[in-house]
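Only one structure is covered here, and it is reproduced in the block below.
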Amino acid sequence: MTDENWAEAADLQENLAKKVDNISLKKETDENYEKPLSKEETSLLKKMLHNKLVQNNQELQVQQRDPTSPLYSVKSFEELHLKKELLDGIFSMGFNRPSKIQETALPLLLANPPENMIAQSQSGTGKTAAFVLTMLSRCDISKPYPQCLCLSPTYELALQTGKVVEVMGKFLKGLKVGYAVRGNRIQRNTSITTQIVIGTPGTMLDWSRHRAFDLRKIEVFVLDEADVMIDTQGFKDQSIRIQRQLTERCQMLFFSATYDEPVIKFAQQIVRQPNVIRLRRDEETLDNIKQYFVRCSNMDQKYEAITNLYGVLSVGQAIIFCHTRRTASWLAKKMCEDKFVVALLSGELDVSQRASILKRFKEAQERVLVTTNVCSRGIDVEQVTLVVNFDLPVDMHGRPDCETYLHRIGRTGRFGKSGVAINFVMNDRDMRVLQDIEQHFGIKVGSLDTDNFNEMEEKLGDD
DNA sequence: TGATAGC
């Protein structure tokens, strides 16, 4: 559904509300009396909404699978009638009440019989907790086989999500989590006994091929970062192959911060009768993240710029994004040689190194991380106050990659905190890429110079 | 280009 459709649907709904008011407040003889909606109008409205409902709340667009059922939202976790152990787990994580998207999403996620969902919301709004909670509430701990599956695009994200499952489920006696990720090879003829499996597509497919578990017994299937998972060469085949083996009654949940129009259409073709929850484009303004660019004329100047920024980078924690593994390892090596302390995280490292670097960064033992798009999505480190695009995000054709830009700078400014993003612009092509990004999000990215350097530093201090 | 499978 396009934004225009949404606007139209919202108008219709407002109109409907007016007419309802008229029925209750005005008589036919009164001035401004409007006839209630006719049958045809009602049916037109329903058609327009395509069985979807626009919530009064402007930030959230909710298209319910069944438009006739009332739309519940909850203001507390207690209202969800969860197992006590699960509720304890939620509170122990410091979640006192549902986030904005959770208020509406959780009742739909926990409905019985289970309903599918496609959800889009900015990073840091509580998506992970929402689907983890769903998985935990639906698995039967007395059964020693996988009942919930979650696919993530990277090793790091799978570990992070699994950690949330473990922590939220820590009071559920007997709950176990399995990790289908690189390095965890499956022995022949072994059966997985964990109720929940988190993994990356390749290994997950490998496990299911070795019959380590039965995809037909899966009750909840989560596709995290769903847009990359169904749209990227390599991920797509593997994810879809797994998804197609699931049963009709398996609950399918697609989550992401970004979907372009063709991708969400494709998602709607794969997922049967989903509830769709989206944040509007213009709500993705990122206004808590201050964005700048720095002009450099060549690679040496880029290097000089990053070293000049180092003092600012290490105030809090920072992530430096490079386009390739090669650039990332070159930069990290050069900086280390020049006595700037940085850590490198990219796919060229082996998995044990990757896990340990990520752990060190999360524990703030490393303050500055040089990385590739492997860390652009989902990685959640609260103290990250600064993101540098050493290379601007572009796709395989060199075109601006706005989705990745949003994900990258979304590593900072999480949970409403303020953050700073700095983009290195090396030539006219980069400048055009940045202009396209500005246009796409309707933002203005200002030049960083001596005049506003202090303003930028102050931003790093606020919370 | 990046990520993602082990053989």
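In the text below, chain A, chain B and the rest are named by the order of the sequence lines, each starting its count at 1. Side chains are part of it too, since the values below use all heavy atoms of this structure and drop only hydrogens, waters and symmetry mates.
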In A/Asp401, A/Thr258, A/Asn373, the residue satisfying side chain to side chain donor-acceptor pair (under 3.5 Å) with A/His407 is A/Thr258
When you check the phosphate oxygens OP1 and OP2 of B/dT4, does a side-chain N or O of A/Arg182 lie under 4.0 Å from one of them? yes
Please give, in whole Å, the distance from B/dA3 P to A/Asp227 CG? 17 Å
Please state how far atom CG in A/Leu349 lies from atom P in B/dA3, giving the value in whole angstrom units. 10 Å
So what does A/Thr232 hit on the nucleic acid, given a heavy-atom distance under 4.0 Å: a base, only sugar-phosphate, or nothing? base
Nearest-Å distance for atom pair NE2/P, residues A/His397 and B/dG2: 15 Å
Please report, rounded to the nearest Å, how far the P atom of B/dA5 is from the NZ atom of A/Lys236. 19 Å
In a check of side chain to side chain contact (heavy atoms under 4.5 Å, CB included) between A/Ile289 and each of A/Val420, A/Thr385, A/Thr412, which one passes? A/Thr412
Can you tell me if A/Thr200 touches the phosphate of B/dA5, counting only side-chain N or O atoms and a distance under 4.0 Å to OP1 or OP2? yes
Output yes when at least one side-chain N/O atom of A/Arg399 is less than 4.0 Å from OP1 or OP2 of B/dT1, else no. no
Could you tell me how far apart A/Met396 (CE) and B/dG2 (P) are, to the nearest whole angstrom? 12 Å
Heavy-atom closest pair (A/Glu366 atom, A/Phe361 atom, distance to 0.1 Å) is O-CD1, 3.2 Å
Check every strand shown and say whether A/Glu348 touches a base, only sugar-phosphate, or nothing at a heavy-atom separation below 4.0 Å. nothing
If I take atom CD1 in residue A/Ile230 and atom C1' in nucleotide B/dA3, what distance separates them, rounded to the nearest angstrom? 16 Å
Give the rounded distance in Å between these two atoms: CG of A/Leu205 and P of B/dT4. 15 Å
Give one of base, sugar-phosphate or nothing for A/Gly183, where a contact means two heavy atoms less than 4.0 Å apart. sugar-phosphate
Which part of the nucleic acid, if any, lies within contact of A/Gly234, taking any heavy atom under 4.0 Å across all strands shown: a base, the sugar-phosphate backbone alone, or nothing? base
Within this structure, what is the CZ-to-P distance between A/Arg377 and B/dT4, rounded to whole angstrom? 13 Å
Phosphate contact (B/dA3 OP1 or OP2) by A/Thr372 side-chain N/O below 4.0 Å: yes
Report the distance from atom CZ of A/Phe390 to atom NE2 of A/His323, rounding to the nearest 0.5 Å. 13.5 Å
So does A/Lys362 have more than 12 non-hydrogen atoms from other groups sitting under 6.0 Å from NZ? yes
Choosing from B/dT1, B/dT4, B/dA3, which nucleotide comes nearest the side chain of A/Tyr155? B/dT4
Which nucleotide wins on minimum distance to the side chain of A/Gln238, given the candidates B/dA3, B/dA5, B/dT1? B/dA5
